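A short worksheet on the structure shown next.
We use all heavy atoms of the structure for the numbers below, so side chains are in, but hydrogens, waters and symmetry mates are not. Reminder, nothing fancy here: chain letters follow the sequence lines and each chain counts from 1. Not measured: the values here are computed from a predicted model.
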Amino acid sequence: MLIFEHSKRGLHKRDTAELKGIPANMRRAEPAKLPEVSELQAVRHFTRLSTRNFSIDTHFYPLGSCTMKYNPRVANSIALMPEFAGRHPLAPEKFSQGFLGCMYELQEMLCEVTGMKGFSLAPMAGAQGEFAGIAMIRAYHDANGDHERREILVPDAAHGTNPATATMCGYTVKEIPTLANGDVNLEALEAAIGPQTAGLMLTNPSTLGVFERQIQKIAKMIHQAGGLLYYDGANLNAILGKIRPGDMGFDVIHSNLHKTFATPHGGGGPGSGAIGVSARLIPFMPIAGVIKDEGQGKELYRWANKTDYPQSIGHLSAFFGNPGVLIRAYVYMRLLGRDGMSRVSEFSTLNANYMMAEMKKAGFQAAIPDRFASHEFIITLKKQAKELHVTAMDFAKRLLDLGYHAPTTYFPLLVPECLLIEPTETESKEDLDGFIKAMVQIQQEAENNPEIVTTAPHTMPVKRLDEVRAAKQLDLSWTVTQAS
Amino acid sequence: MLIFEHSKRGLHKRDTAELKGIPANMRRAEPAKLPEVSELQAVRHFTRLSTRNFSIDTHFYPLGSCTMKYNPRVANSIALMPEFAGRHPLAPEKFSQGFLGCMYELQEMLCEVTGMKGFSLAPMAGAQGEFAGIAMIRAYHDANGDHERREILVPDAAHGTNPATATMCGYTVKEIPTLANGDVNLEALEAAIGPQTAGLMLTNPSTLGVFERQIQKIAKMIHQAGGLLYYDGANLNAILGKIRPGDMGFDVIHSNLHKTFATPHGGGGPGSGAIGVSARLIPFMPIAGVIKDEGQGKELYRWANKTDYPQSIGHLSAFFGNPGVLIRAYVYMRLLGRDGMSRVSEFSTLNANYMMAEMKKAGFQAAIPDRFASHEFIITLKKQAKELHVTAMDFAKRLLDLGYHAPTTYFPLLVPECLLIEPTETESKEDLDGFIKAMVQIQQEAENNPEIVTTAPHTMPVKRLDEVRAAKQLDLSWTVTQAS
Amino acid sequence: MPFIPHTENEINAMLESIGVKQIDDLFGEVPKELRAGELTKIPHGLSEMQMTQLMTERGAQDGRPVCFIGAGAYDHYVPAAVWQITTRGEFYTAYTPYQAEASQGTLQLIYEFQSMMTTLTGMDVSNASVYDGASSLAEAILMSVRANRKSKSKRILVPRNVNPTYRSATHTLVNGQNIELIDVPYDADTGCINLDALKAFEGEDFAAVVIQQPNFFGSLEDVDAITDWAHANNALVIGIVNPLAMSILKPAGQWGEAGADIACGDGQPLGAPLSSGGPYYGIMTCKKALVRQMPGRIVGRTVDEDGKEGFVLTLQAREQHIRRSKATSNICTNQGLVVTASTIHMSILGAAGLENAASQSHLNTASLVEKVCAIEGVEKVFNSASFHETVIKLNKPAKAVLDAMTNENIIGGFDLADNYPELGDAILVCATEQRTEKQIDQYVGALTKALSEV
Amino acid sequence: MPFIPHTENEINAMLESIGVKQIDDLFGEVPKELRAGELTKIPHGLSEMQMTQLMTERGAQDGRPVCFIGAGAYDHYVPAAVWQITTRGEFYTAYTPYQAEASQGTLQLIYEFQSMMTTLTGMDVSNASVYDGASSLAEAILMSVRANRKSKSKRILVPRNVNPTYRSATHTLVNGQNIELIDVPYDADTGCINLDALKAFEGEDFAAVVIQQPNFFGSLEDVDAITDWAHANNALVIGIVNPLAMSILKPAGQWGEAGADIACGDGQPLGAPLSSGGPYYGIMTCKKALVRQMPGRIVGRTVDEDGKEGFVLTLQAREQHIRRSKATSNICTNQGLVVTASTIHMSILGAAGLENAASQSHLNTASLVEKVCAIEGVEKVFNSASFHETVIKLNKPAKAVLDAMTNENIIGGFDLADNYPELGDAILVCATEQRTEKQIDQYVGALTKALSEV
Ligand SMILES: Cc1ncc(COP(=O)(O)O)c(C=O)c1O
Ligand SMILES: Cc1ncc(COP(=O)(O)O)c(C=O)c1O
């Protein structure tokens, strides 16, 4: 039932103060048709709705490329402390030193752990980080009078946001094929590079779940051609504290703080796509970053402005990104501390490789069977699809019945019938084993009783939904049909 | 799965500081066998467990005599504000004026809405309020040298805590029968009263869901015999703001703040059984109450002590009752305000009478069909039990399947096969109608397909549980069988 | 390391299963020279208790000043239930609802959100949010360029009284696609756009005209006239609205003869704490005809195999994970959690609750302005109708006055000097429904004192 | 009236169904003269926003002083997850689990709680809580009188170093049943009970001996010797324990040859905020043989009709709703929510976490005591081993010194004058693991200053 269907016209009393000075023709003629319910009805409705979700707090959620790890509760309680939650973005510095100090330290820690020279917390998600990064690459070339570089190279394994971002920045996109072993096809890359090359966007480890071994060579090739290297940090969890994008030769990176640094995904967001840059890109950084002024024996933190970064690509948002997310990431990093960083990548890698090993033993086919996985790995079910007519999507839906959120399906696009599985370091062996057991059970069902798999899920609030109808007979909002 | 079954020995690192000065023979030899789990495992375990509960926030919960109404969320957030949650009970007055001011005002508001002359917030639940009240009655008689009064009268409809309390205070209990119309049998009462009578404990409206119309006569009878009148305020919701126990002639009352004033029941508690007294019992009040000292143009709040109430029955708890509950009740009362009080009793009464009317129309038999209900009413299913072999308990279990918490069953003891239904004022007509519809459905099932009712519930995490086994083969705690 | 649940025994068993000796072997493919050393600039880990102590200290350092700034972020009351439910694990720690059957909670909530946004703005459809108000404007502009069938222009008229950071962020975001933002001056007396200013642009080709209602100065635009003018000149109309104001002002869908084509803005006033500027969320609503040009996630209602109602992400062919370089936008992660809070907020308050908050804020600002304008040397700058935010002018340097007011624990307003030097010592003030009469009087006292001291 | 969900139309329909004209008719049976007038002493209702403002002000009035008192309530750190999960509606707003099938969450949790309490105290069985530490002592005493088969006495030996309000509350609670609490003096040097003091009682008949470990002064009793003495004299042993201390101290079930018979105490140190003294909860654990004498709810594990494991309230025949005047106690509502928090708290911390908190608190208090005893005129009172709480003596009036320390925002200790006048200007101090070195030094500074000024 929709909240609107609980609504009773006339329940809420209006207690509207006089709208002094607002002419009648600028006013609303009829009240908005928001629901009229009691507080209990609202609380009960949304509490019940919430239970119709899978989440980290309730389920193992091995969604590849999404790093669904535990979101520490203390980060939430700190972000919601009245001093932080109630702070106006334009509050004077006098009322901001505590908050800005945290942000400054966050920048510093991100520099250290990524090997970059400067960091901006402004981007509000990974895709906006990509935008900022590519916009800086463009600003850099423009500043060098290098206007002919109109192309961004993107491996075909890349996340959809990469090509979409390049387009948004006014670039054309050239896709680079990937080898069966997961590495970039260097010959194809060589052939694609030219004076038109503005840069390359790369995820490493790639979305195929393997480390790009030729990264140093690739970096050299791009740099020699005058291009810059962009690191899509969605997979930073795989290398955190062990390998630094800056050391690999990247010029600009984004880090999905909502993944690697454990801020909650909230059913869709918010995120933070903080970006780090090498020295040559510092002048182009977006506004705003936090600057520490020292003097008279006192430190003073303040937001950077246009004069600090005269060649800045400018603002990305109305204020300063998503500080509520940044506070959570800051808390997480301080809890982990120096030594905790590399434990993240170690244990996420251990978990992924253990799962891959066990699943291979159980007869599943890994997409790249002969290499170590990074923090995630791919299973391809093309055999099952062909022989048993049970697809990756069927496996995914059946997993829901067995109490596990499905891995990412059909991504990356180049592996047929794939499941991209990312357990993360915060999951226990017990849960990994449970998931593998569920997969084995589904395999047996697929062999003996395929219908139970192909018609799954059976235990969710709804069965498979008619997506075609959804797109054709658009029903995107409730409209009053009848007043009560 | 128990949290212990997720435990892995060796997971938690010990970081124990030296136990300077504690001799070895006083120390623990082996660590306590608490579970060793990660924070995520704990969060996930208890989040999942929580969803195996019905609650006000998820379900209509018409548990008679328990007043399961909406617990405003703001009361919780205020009680958990660091200034209140972090306040030490023994904090000096200087750091306590804000808190004590609230408590003082709470006492005053409770006096006003009940018509009593003094109020103590000390008792930690209804039963402790009863204890305090009966102890004060005893102290009063003792102070008058009236040592022969050794008996407390209790109507047979009373809640079990009433006779249990009287026993705890060293009294013997005499039960008074109730008439079929719900009123106390005055002749029996007359016969029971004597020089041995210390007092009478009464709930009004009674647990039968009707108002005791002869209350003034009863009060006179008891008082004339030298006894005192105790009001069990569990049903205060029925008369809040409209009728005051003090005006009915009661000498001492308790109010279940966790019922009438909407503090959460928390799966078992905590509560508050604040007690109000008439003037003659003030000297006997328990410690502690809050006193306002005025002087030098300044108000100063402080806890009362022994010298304020020299004849006090003494402390009831280590500190001052359950302030975290009291804050919530205070918030609730201030939100309702003067006019809101009587709306509580009006709408809880409206809801109960509407349900009773509709259920009677649907063919159900009310225990007291010819009178108005108070905020609750009783349905008796003795006909169904006899003719269809479907009991009140079967109806109750089947309701769970249909998404409604069962009403109170088999209480009060004098009505056979009864359901005591208390909807409270915060439930909407929509939910009342839904409940009635469910009852009608069950009635039809009982007629046509009784097994579905007698074997209910079918959709809960477990079916009916073996209570006999539970009591015979006691399994009251987990013990390590095997280390992992 | 409380977030890693492995015992030594388990680690060994896992390594054995993989067939390696130690975890480090798993990184064997990584060139040695790429291995990081110790991260000396990262402090050692803190316990949760130490972290809480540290942040309590940092918070105390900033205090809780009384805030009289709006300028795009408003200090409205949020009922306690909102965030208590929003932060339930099932909402808080779920991903984007890719597996619809296991995400009906979030999906239905978004559908309800979309419904609320459309009734509030008077538009036909809404998406599930973009990042914030500024990004919603940028996306709306990109959308208008794609959608306007009558004009191939990439030029957009953007009044100078539109929020200045919205304008600059939009510039950053659309600039790569050669879209040109053209300033429209505001009237010096009213702070609003008048038709004369627009007439200067007649005959030229524009994809869209932007209108902010109320505008950055808090003044109310003649939205009907501007909308009709834009449509007459083949431009689409993009309304930037304050969604709380929409509860009492004419909704964007009803502006002029045909209504705005796209309404965007920041959802912050509907349940998001100020939180130093975010997370908020960007509202995106439009006419039905434009839905396929809209970026971001959209939820649709449909049925399952048994014909039972359910909800799914729909029209995904617009999105980057399907369309890649041809997507309507690169947005992927949005501001879901704040949308959740906002939906609960609107459900608890209802239209009446929003109207009450809006009108009380308006009244409080009016009362503040009346009181401060009684002070010698303080005056209102514009004579137009306004909603809950107003520009006042001081006869002393604004920066110094605002500085002095901080000594009274008051944030006195937003200094307009950087963005509107032509206004002189002008500040933008706002008193939401949370400001008490006492606080307003404290403001008046603090301003009086500051003016006398500076 | 946001908590009443009725529209006018619905009210009318409902009245019509009942067959009355107005709501007031439903109160027709109530004698007119009993109808209340206007409740003029109750202020008019506030909005949630106003209420929040009011309580924010009241809270600010009390501030957040640095606390060095224990005396039965300890300022330990509680992980953020604890109350975020505890206040989930399903735990927070459920009733006592009468309908087992719809309450498996709470029932399983209580079973887990009982398991944790028994391992912590070393006892066989636990109930689901009574009100608080004081009431747990009273109930334990009543229980011992019912349970002691070797003695028919109603006399109980209660040392003077047992928490004084526990003693006085217990007196209140058991007094009606003619139970007599007999003082046992403590040793002036150690603050503890020594066997000599007990020997004076030999030959008399007692139902039980109470031992608090650590005792109210923080000193550690020779629990083995006292337990054995009690058992040799046919008395049961009731241990009052600090459950956090149980993580490092010998558990009550292992005291002496046979162990304590009943262990009680206050659960506050395990996850309950200080909250001005409550809600906390009373621990009740005992030997298996005594379980049918135990008051309060008990959860048992059993199976359902399909043989599936499940949990129910059991042994209800002890309780008042069944046994009425013959029940083991009148307790009905207990402290369920705090038990919930405590169970989550112990699960997150584990034994190691509790040990860490206990040992760090002990270390902090030791450090504090060492530093203050270096001040001229300050000395330790007792020479016994102690746990995390200690009595110190001042050479100036304690009350005045503590008053002066409040000026430095410090709560300096609990003044023992009212309860132990024989100790002179003695105060009981405690520095939990939450007290930082800096705060301890501030204490030392404040005490030094106060002593010099008073
Ligand atoms: C590899 C990769 N790159 C980029 C992104 C985009 O990040 P965001 O969703 O925060 O915009 C994602 C997130 O899904 C990703 O997995
Ligand atoms: C009529 C009646 N009296 C007394 C009580 C006892 O109150 P408490 O459970 O708070 O001890 C109750 C609660 O169940 C009750 O319903």
Need one label for [X]: side chain, backbone, both or neither, based on atoms under 4.5 Å from any heavy atom in chain C.
X: A:L11; value: neither
X: A:Y61; value: side chain
X: A:L63; value: side chain
X: A:A85; value: both
X: A:N351; value: both
X: A:C102; value: both
X: A:M168; value: both
X: A:T58; value: side chain
X: A:R138; value: side chain
X: A:I78; value: side chain
X: A:V173; value: side chain
X: A:M81; value: side chain
X: A:Y70; value: side chain
X: A:H45; value: side chain

Taking side chain as everything from C-beta outward and backbone as N, CA, C, O, which of these in [X] sits under 4.5 Å from a heavy atom of chain A? Side chain, backbone, both or neither.
X: C:T40; result: both
X: C:E57; result: neither
X: C:V339; result: neither
X: C:T118; result: side chain
X: C:I23; result: side chain
X: C:F414; result: side chain
X: C:A71; result: both
X: C:Y281; result: neither
X: C:L349; result: backbone
X: C:L39; result: both
X: C:L363; result: side chain
X: C:N334; result: both
X: C:I85; result: side chain

Does some side-chain heavy atom of [Y] sit less than 4.5 Å from a side-chain heavy atom of [X]?
X: C:V299; Y: C:T314; result: no
X: A:I3; Y: A:F46; result: yes
X: A:I22; Y: C:H362; result: yes

Report the option among [options] that has the most heavy-atom pairs separated by less than 4.5 Å from atoms of chain A.
options: C:V20, C:D403, C:T340, C:L109; value: C:L109
options: C:A327, C:G300, C:A73; value: C:A73
options: C:I110, C:L54, C:L120; value: C:L120

Check the pair C:S129 / C:Q335 against side chain to side chain donor-acceptor pair (under 3.5 Å), numbers first and verdict last. CA-CA 6 Å; C:S129 85; C:Q335 306 284 119; over 6 Å; no
Out of [options], return the one with the most heavy atom pairs under 4.5 angstrom to chain C.
options: A:T51, A:N53, A:L400, A:L2; result: A:N53
options: A:A42, A:P323, A:P72; result: A:P323
options: A:A471, A:G337, A:P35, A:P89; result: A:P89
options: A:Q216, A:E346, A:H258; result: A:Q216
options: A:C66, A:C169, A:P457; result: A:C66
options: A:E83, A:H315, A:R338, A:H88; result: A:R338

Under 3.5 Å side-chain donor-acceptor pair for C:Q254 and C:D224: no
Go through the steps to decide whether C:E101 and A:R464 satisfy the test salt bridge (Lys or Arg N to Asp or Glu O under 4.0 Å), and finish with yes or no. CA-CA 7 Å; C:E101 300 85 353; A:R464 285 196 210 183; 5.2 Å; no
Please step through salt bridge (Lys or Arg N to Asp or Glu O under 4.0 Å) for the pair C:E29 and A:R371, ending with a clear verdict. CA-CA 9 Å; C:E29 296 182 359; A:R371 297 184 58 185; 2.6 Å; yes
Heavy-atom donor-acceptor pair, [X] side chain to [Y] backbone, under 3.5 Å:
X: A:K361; Y: C:S17; result: yes
X: C:N330; Y: A:A127; result: yes
X: A:N256; Y: A:G126; result: yes

Taking the inter-plane angle between the rings of A:H159 and A:F411 on a 0 to 90° scale, is it parallel (under 30°), tilted (30 to 60°) or perpendicular (over 60°)? perpendicular
State which residues pass side chain to side chain contact (heavy atoms under 4.5 Å, CB included) with C:S386; sequence neighbours excluded, sorted by chain then number. C:T390
Under the criterion salt bridge (Lys or Arg N to Asp or Glu O under 4.0 Å), I'd like the reasoning laid out for C:D24 against C:R35: C-alpha separation, chi angles, the key distance, then a yes or no. CA-CA 11 Å; C:D24 222 44; C:R35 299 292 293 271; 2.8 Å; yes
Side chain to side chain contact (heavy atoms under 4.5 Å, CB included) with C:T343: which of C:M117, C:E112, C:Q114? C:E112
Assess whether a salt bridge exists between A:D475 and A:R469, defined as any Lys/Arg side-chain N lying under 4.0 Å from an Asp/Glu carboxylate O. no
Cationic N near anionic O, under 4.0 Å, C:E309 to C:R301: yes
Quick check: closest heavy atoms across C:A81 and A:V43, and the distance to 0.1 Å? CB-CG2, 4.0 Å
Identify the heavy atoms of C:P279 and C:S275 that sit nearest to each other, and give their distance. CD-OG, 4.2 Å
cation_pi(A:K33, A:F4) dist<6.0 Å, angle<=45: no
With side-chain contact (heavy atoms from CB on, under 4.5 Å) as the criterion, how do C:V303 and A:L465 come out once you've worked through the C-alpha distance, each side chain's angles and the decisive distance to 0.1 Å? CA-CA 6 Å; C:V303 294; A:L465 291 156; 5.9 Å; no
